[in-house]
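Following: one structure in structure tokens, then a few remarks.
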Number of protein chains: 2
Amino acid sequence: MSEDLDAVDWSILIELQKDGRVPITELSRRVRLSASATSERVRRLEATGVITGYRAEVDLTKAGFAVLAVVRLKYPGSRHDPLRRLLEQRSEILECLRTTGDDCYVLKVAATSMAHLELIVNELAAFGSTTTNVVYSATLPYRGPRPTRPTRDPSTNPVV
Amino acid sequence: MSEDLDAVDWSILIELQKDGRVPITELSRRVRLSASATSERVRRLEATGVITGYRAEVDLTKAGFAVLAVVRLKYPGSRHDPLRRLLEQRSEILECLRTTGDDCYVLKVAATSMAHLELIVNELAAFGSTTTNVVYSATLPYRGPRPTRPTRDPSTNPVV
DNA sequence: GTTGAAACCGGTGCATG
DNA sequence: CATGCACCGGTTTCAAC
């Protein structure tokens, strides 16, 4: 399920997450590797699915979405198809995570106005009770994963 | 604050959000525009900040993060600097949104194991009470914004 | 893993309509 | 905004080490 990544692989991932369009020649300089070796590493990261793709990042406000909200949905039923259909139709729903806990789903919703947000939340409320938090600002905008130094915490005991 | 985007601009944004590396020539075919006009549009979207950048997308599981969680933080104090410092240090925290409501912050945390997650949550708990939901799966993985047809909902009244 | 050289695209700039 | 062309930079592939 998970791939073995060495320090160089991580360097490459960090650079490509910062700028998905750096030329291989420039990337190879930054990771201190030859262009051909760098190229091969990137090809491998793509082939093994570590890199799932390259995307342009769009500023929500500039694109007309003045309101961002996190909506939690408590979904009593077990029939999840109707919700899936709503996710398809409603492009304002940017992300939907199924989670443990009382709230089965956590959604990220972009709206052009509070009235617009109300509309979406109304549609979601048809499925269960919702809790909405409007986002003031991204204290930390989404960033991709970075390597972890192996940690050993003495206060934490094994599960079994 | 927000830029005026016509249908062609949105076509371009949709394509570049799907594949941030499509050649201009291919992109121009998809949006049915000449290469030079397409190039100029893209340049403008970048210059006005609608497109904030291009990023490689990394699969969390393949990168060794078996556990993803949404952590909400109820932060009683008003001194937010210590939290900012933690966000800097802890690369496992992928995103942090400041929101309205009882929970001041919503964070996305990637961990290699439940023990690892516990470690991070312990650190966050130093700031306030936390609520953690572990993610089963992304019912809808993050997707960027798409255009909205102007909606007029009769059941919704103006704010003032 | 490195280096170097070739062939191939793709992007940019410009002129024209 | 479309078309065509020349120029240049980056990529890919291949060799040899």
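Labels below follow one simple rule: chain letters A, B, ... track the order of the sequence lines, proteins then strands, and each chain is numbered from 1.
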field: Atom-to-atom span, CD1 of A/Ile24 to C1' of C/dC8 - whole angstrom
entry: 16 Å
- prompt: A/Leu27 CG to D/dG9 P: how many Å, rounded?
  reply: 20 Å
query: For the pair made of CZ in A/Arg43 and C1' in D/dT13, what is the distance, rounded to whole Å?
result: 13 Å
message: Rounded to whole Å, how long is the line connecting atom CZ of A/Arg41 with atom C1' of C/dG1?
response: 9 Å
task: May I ask you to say what A/Thr25 touches in the nucleic acid, namely base, sugar-phosphate or nothing, with a heavy-atom cut-off under 4.0 Å?
output: sugar-phosphate
- line: Taking D/dT11, D/dA2, C/dT2 as options, the one with an atom nearest any side-chain atom of A/Ser36 is C/dT2
message: Any carboxylate oxygen within less than 4.0 angstrom of a Lys/Arg side-chain nitrogen, looking at B/Glu95 and A/Lys108?
response: yes
- prompt: So which nucleotide from C/dT2, D/dT11, C/dG11 ends up closest to the side chain of A/Pro23?
  reply: D/dT11
- prompt: Less than 6.0 Å separating the ring centroids of B/Phe65 and B/His116?
  reply: no
message: In this structure, how many angstroms lie between the C1' atom of C/dG11 and the CZ atom of B/Arg21, rounded?
response: 15 Å
message: Just the rounded figure in Å: distance from P of D/dT12 to CZ of A/Arg44.
response: 17 Å
message: Measuring from the side chain of B/Ser39 (C-beta onward, heavy atoms only), which nucleotide among C/dT12, D/dC1, C/dT2 has the closest atom?
response: C/dT12
- prompt: Ion pair present between A/Glu26 and A/Arg29, side-chain N to carboxylate O less than 4.0 angstrom?
  reply: yes
message: Using ring centroids (six-membered ring only for Trp), state whether B/Tyr105 and B/His80 fall under 6.0 Å.
response: yes
message: Output the rounded distance in Å from CG (B/Leu33) to P (C/dG11).
response: 15 Å
Length of the CG-C1' vector between B/Leu16 and C/dG11, whole Å: 15 Å
